[in-house]
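Here the structure is laid out as structure tokens; the discussion comes afterwards.
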Amino acid sequence: MRSLLPYCAVLPLAVPLNLEASLFCGQAFRWQVITEDGEKKFRGVVEGELVELARTDESIHGSLRIESTAPLILNQPLEKFFTRYLGLDDPIEAFFAPEFQHNYPDLFAASEHYFGLRVLHQAPFETLISFMCAQGMGIALIRRQADLLATNLGSTTTEQNFIPITAYEFPTAAQLAEAPLAALQVCTNNNSIRARNIKAVASLVARGDLKLETLASPHASLDEARNALMACSGIGEKIADCVCLFGLGHSDAFPIDTHVRQYLDAWFGLRTATQSLTRTGYDRLADEARKILGAKYAGHAGQILFHYWRLNVRGLTAV
DNA sequence: CCCCAGGCAGCGC
DNA sequence: GCGCTGCATGGG
């Protein structure tokens, strides 16, 4: 069977990888799980290129096959780009601090199945806008909004190397800033407030008044980054933390949502977790979590616990 | 008609 | 600061 995509690379995995969990926990809303010839694959659009990821064998310690419509992504070889994108060069052995392993050996052992999970390092602007779409929505609806933004307002590639491909790049800040409000609202489940907020944030980025590169680690601290983001209407603590963790490389960011509050209560007895969360209450809770997990990689550890909680305790589905 | 979905902003105290 | 409430929309 001929491969759909002309460019292929095989990435050896020195450490385990849980692809399904990574693509979900990194909140890559434009990735889909597909099955082709009985083989499970992951297909998405990254920087305007259509990309497929598949394990070349059933072993978690195997290797990863990458197929792309282009040999390079952002002028980097596929292998190099995806090593960073998938966080394969992040130190998993440091995700859980020794104190945590010592204090919570059972929990540490129980979540072992998801140690192969990685936090994705995604494009800052796409991450920012995608998470602005996440409030009060199910995953499926968030995903649809990101797709609509790309198909309706992003640029399109229809053919590469004589192979018909339809890949929609995520819109640039300038494209979203110039888009008519009505067109934007179509992409945000008809939510006009969200459309306005996204347009305003896109304008800030396009004008250079909100510099995402400057807010990325290590140029800025987590506090500087989240304060700058939270100054925008429509971005609160949780969404700011998600953008910091998934888009700006702040591994100490610890996003707290309903699921995280549940496990903080159940596993660590942080009862404030189940009370209503004020702004300072959120900050205090996040600080306590960082104290328990180890501050430096609290976000990564938190995503592993988050996944374990959702799938094994709550019995929810991955995607 | 109800509840839920990985919150946020505004208000009075 | 804290606690409460309204909000805006689609899907089960």
Side-chain angles (χ1 to χ4, degrees), chain A residues 20-31 114 117 119-120 122 126-149 181-182 184-201 226-247 253-267 270-289 298-319:
Chain A
E20 193 157 14
S22 299
L23 290 176
F24 174 60
C25 276
Q27 299 293 11
F29 292 116
R30 301 178 68 212
W31 284 90
Y114 296 107
L117 179 155
V119 169
L120 300 191
Q122 300 171 86
E126 179 170 346
T127 308
L128 171 60
I129 301 302
S130 296
F131 274 100
M132 290 186 71
C133 297
Q135 178 196 2
M137 293 287 153
I139 297 286
L141 283 181
I142 302 169
R143 193 157 276 171
R144 193 170 80 182
Q145 294 173 82
D147 279 339
L148 282 172
L149 284 169
L181 213 43
L184 215 42
Q185 192 171 330
V186 169
C187 309
T188 58
N189 291 326
N190 284 321
N191 187 320
S192 60
I193 294 176
R194 176 164 300 164
R196 265 205 311 276
N197 287 338
I198 287 176
K199 192 176 167 81
V201 166
R226 66 201 302 275
N227 286 335
L229 292 169
M230 286 190 295
C232 307
S233 182
I235 303 179
E237 312 245 357
K238 191 267 181 180
I239 290 178
D241 275 333
C242 285
V243 176
C244 285
L245 179 60
F246 301 124
F254 189 82
I256 301 176
D257 59 39
T258 50
H259 300 287
V260 174
R261 292 177 64 185
Q262 288 168 21
Y263 81 61
L264 288 178
D265 181 32
W267 289 336
L270 299 180
R271 292 225 302 236
T272 53
T274 52
Q275 298 161 3
S276 83
L277 254 197
T278 64
R279 288 122 184 101
T280 49
Y282 181 107
D283 291 340
R284 275 202 294 271
L285 196 51
D287 280 338
E288 291 197 63
H300 295 249
Q303 288 306 304
I304 290 174
L305 295 181
F306 171 90
H307 216 64
Y308 174 61
W309 173 261
R310 274 184 55 101
L311 271 59
N312 286 43
V313 183
R314 293 286 317 282
L316 300 175
T317 54
V319 191

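All values below come from the heavy atoms of this structure, side chains included, with hydrogens, waters and symmetry mates left out. So that the names make sense, note that chain A is the first sequence line, chain B the second, and so on, each numbered from 1.
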Taking only the side-chain heavy atoms of [X] (C-beta and beyond), determine which of [options] contains the nearest atom.
| X | options | result |
| --- | --- | --- |
| A:Asn190 | B:dG6, C:dG1, C:dT9 | C:dT9 |
| A:Arg279 | B:dA9, B:dG6, C:dC2 | B:dA9 |
| A:Leu141 | C:dG1, C:dG11, B:dG6 | C:dG11 |
| A:Gln135 | B:dC8, B:dG6, C:dC2 | B:dC8 |

Exercise for the section: Over 60° means perpendicular and under 30° means parallel, so classify the ring planes of A:Phe24 and A:His307, tilted if in between. Expected result: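 Aromatic pair A:His307/A:Phe24 classed tilted.
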Exercise for the section: Could you check A:Thr278 against A:Arg144 and say which one's nearest nucleotide on DNA chain C is further toward the 5' end? Expected result: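 It is A:Thr278, whose closest nucleotide lies nearer the 5' terminus.
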Practice task
Scan A:Ile129, A:Asp147, A:Leu149 and name whichever one has a side chain to side chain contact (heavy atoms under 4.5 Å, CB included) with A:Cys187.
Solution key: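 Result for side chain to side chain contact (heavy atoms under 4.5 Å, CB included) with A:Cys187: A:Leu149.
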Starting from [atom2] on [N], measure out to [atom1] on [X] and report it in whole angstrom.
| X | N | atom1 | atom2 | value |
| --- | --- | --- | --- | --- |
| A:Ile142 | B:dC8 | CD1 | C1' | 15 Å |
| A:Leu264 | B:dG6 | CG | P | 17 Å |
| A:His259 | B:dG7 | NE2 | P | 7 Å |
| A:His307 | B:dG6 | NE2 | C1' | 13 Å |
| A:Ile239 | B:dG7 | CD1 | P | 8 Å |
| A:Met132 | B:dA5 | CE | P | 22 Å |
| A:Asn191 | B:dA9 | CG | C1' | 13 Å |
| A:Ile193 | B:dG7 | CD1 | P | 17 Å |

Exercise for the section: Assess whether side chain to side chain contact (heavy atoms under 4.5 Å, CB included) is satisfied between A:Leu264 and A:Trp267, documenting all intermediate values. Expected result: CA-CA 6 Å; A:Leu264 288 178; A:Trp267 289 336; over 6 Å; no
Touch class at under 4.0 angstrom, heavy-atom based, for [X] against every strand present:
| X | answer |
| --- | --- |
| A:Ser233 | sugar-phosphate |
| A:Phe306 | base |
| A:Ile235 | sugar-phosphate |
| A:Gly136 | base |
| A:Cys232 | sugar-phosphate |

Exercise for the section: Show your reasoning for whether ring pair (Phe, Tyr, Trp, His ring centres under 6.0 Å) applies to A:Phe29 and A:Phe131. Expected result: CA-CA 9 Å; A:Phe29 292 116; A:Phe131 274 100; 5.7 Å; yes
Problem - Residue mapping more 5' on DNA chain B - nearest nucleotide basis, A:Gly138 or A:Ala240 - result: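 The answer here is A:Gly138.
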Exercise for the section: Compare side-chain N and O positions of A:Thr280 against OP1 and OP2 of C:dC2 and report whether any pair is under 4.0 Å apart. Expected result: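 For C:dC2, OP1 or OP2 has a side-chain N or O of A:Thr280 closer than 4.0 Å.
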Handout entry: Distance-only side-chain donor-acceptor flag, A:Arg194 / A:Asn189, under 3.5 Å
Key =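 Side-chain D/A pair, A:Arg194 to A:Asn189: absent.
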Practice task
Classify the side chain of A:Gln27 and the base of B:dG6 as holding, or not holding, a donor-acceptor pair under 3.5 Å.
Solution key: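 Yes.
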Practice task
Determine the interatomic distance between C1' on B:dA5 and the same-named atom on C:dA8; round to the nearest Å.
Solution key: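 Approximately 13 Å lies between the C1' atom of B:dA5 and that of C:dA8.
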Practice task
Determine the interatomic distance between P on C:dC7 and the same-named atom on B:dG6; round to the nearest Å.
Solution key: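 The same atom, P, in both gives a distance of 23 Å.
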Problem - Charged N-O contact under 4.0 Å between A:Arg279 and A:Glu237 - result: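 Not counted as a salt bridge, because no side-chain N and carboxylate O are separated by less than 4.0 Å.
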